[in-house]
Amino acid sequence: MSEHARYPLSMRLLHWLLALLVFSNFALAWLLEDEESLLAAHKMIGAWILLLAAARLANKLRLRKRLPASVNPAGSWSYWAEKLAHGLLYLCLLAEPLLGWLKTNAAGHGATLFPGFDLPALMEKNRHLSHWLGGMHEVMASLLALLIALHVAAAFWHWINGSGLGLARMLPMPGSKREI
Ligand code: HEM
Ligand code: HEM
């Protein structure tokens, strides 16, 4: 593949690591209803998602001049739909764990990044806000799930109808060129 044909290695690794963590946290959230002891793990994985999503955004800005061109023709509706979907995915990746963190604090509880390192409380206990934030956390989770479904469908649509370019350039395996 030519230069800039693939995403930089750091972006590919962060993409798949975050995908794994997000899918795991949806699975944990689903199991939470019957097994409340999983909440600590859900909060911890969520905190890592927030941290890694911020690192991913900073890394993307750092590498913005070395990104491959869109698989969609510049200026077409699909080009702008892709930009919007990717922008919203980033927004949800940051906002969803932040809402969970705020909800937890408003309920009077804390969260841990790893054993021995607690996250600071962002707000005081507030029962009313806790319910509202919990609702927003649930709504944002549905939006994120919908975006991921559309995103995966678009990736496979390009794979089936195109040269397979989109998927190939996001796969995590190192290429022969110097990797970043
Ligand atoms: C991308 C990351 C996250 C995703 C996708 C996610 C998703 C979800 C989902 C789908 C639920 C079930 C919603 C419901 O039925 O009420 C849930 C519940 C919950 N999440 Fe998250 N979550 C994330 C991060 C976090 C974080 C970082 C925290 C706290 C530090 C957190 C705290 C909670 C709590 C406390 C509940 C129970 C809510 C309630 O009882 O109303 N979540 N989460
Ligand atoms: C939690 C799940 C996922 C999230 C949040 C996510 C998010 C993103 C984002 C924001 C981009 C744009 C590149 C960037 O700025 O980093 C991207 C690219 C991409 N994603 Fe995902 N993704 C997820 C899961 C998946 C899955 C399961 C697939 C596999 C089918 C996939 C396939 C791709 C492909 C092929 C690209 C490159 C598109 C291009 O050609 O430019 N993603 N993803």
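All values below come from the heavy atoms of this structure, side chains included, with hydrogens, waters and symmetry mates left out. Along the sequence shown, residues carry numbers from 1.
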**Asked** Which is it for Arg169 and Arg12 under the side chain to side chain contact (heavy atoms under 4.5 Å, CB included) test, yes or no, and what are the steps along the way?
**Response** CA-CA 8 Å; Arg169 65 199 201 162; Arg12 283 182 272 143; over 6 Å; no
**Item:** Polar side-chain atom of Ser70 near backbone of Asn72 as donor-acceptor pair, under 3.5 Å
**Value:** yes
**Item:** Ser76 (side chain) donor-acceptor with Tyr79 (main chain) under 3.5 angstrom
**Value:** yes
**Request:** Would you tell me whether Arg66 and Tyr7 have side-chain atoms, one donor and one acceptor, within less than 3.5 Å of each other?
**Result:** no
**Message:** Determine whether a donor-acceptor pair (N or O, by modelled atom type, separation under 3.5 Å) exists between the side chain of Trp16 and the backbone of Met170.
**Reply:** yes
**Any donor-acceptor pair under 3.5 Å from Trp101 side chain to Ala47 backbone** = no
**Prompt:** Out of curiosity, Met136 CE to Leu143 CG, how far, rounded to the nearest 0.5 Å?
**Reply:** 10.0 Å
**Prompt:** Are Phe23 and Phe26 close enough that their ring centers fall under 6.0 Å?
**Reply:** no
**Message:** Using 0.5 Å steps for rounding, measure from the CG atom of Leu147 to the SG atom of Cys92.
**Reply:** 5.0 Å
**Item:** Side-chain (Asn25) to main-chain (Leu21) donor-acceptor, under 3.5 angstrom
**Value:** no
**Complete:** dist Ser37:OG -> His42:NE2 (nearest 0.5 Å) comes out at 13.5 Å
**Value rounded to 0.5 Å, distance of CG in Leu17 from CD1 in Ile49** = 9.5 Å
**Message:** As a quick check of understanding, evaluate side chain to side chain contact (heavy atoms under 4.5 Å, CB included) for Leu102 and His137, giving each step before the final call.
**Reply:** CA-CA 9 Å; Leu102 285 167; His137 188 61; over 6 Å; no
**Request:** Go through the steps to decide whether Leu129 and Glu124 satisfy the test side chain to side chain contact (heavy atoms under 4.5 Å, CB included), and finish with yes or no.
**Result:** CA-CA 10 Å; Leu129 261 183; Glu124 306 258 290; over 6 Å; no
**Message:** Has Arg56 got a side-chain atom pairing as donor or acceptor with Ala53's backbone, closer than 3.5 angstrom?
**Reply:** no
**Prompt:** Sub-3.5 Å donor-acceptor pair from the side chain of Asn126 to the main-chain atoms of Ala106, do we have one?
**Reply:** no
**Item:** Evaluation steps, side chain to side chain contact (heavy atoms under 4.5 Å, CB included), between Leu144 and Leu89
**Value:** CA-CA 7 Å; Leu144 178 57; Leu89 277 167; 4.1 Å; yes
**Request:** Taking atom types as modelled, find out whether Asn59 and Arg62 have a side-chain donor-acceptor pair closer than 3.5 angstrom.
**Result:** yes
**Request:** Hey, could you give me the OG1/CE distance between Thr104 and Met123, rounded to the nearest 0.5 Å?
**Result:** 11.0 Å
**Request:** Anything under 30° is parallel, anything over 60° is perpendicular, the rest tilted; go ahead and classify His151 against His15.
**Result:** tilted
**Item:** Within 6.0 angstrom of Lys83 NZ, more than 12 heavy atoms from elsewhere
**Value:** yes
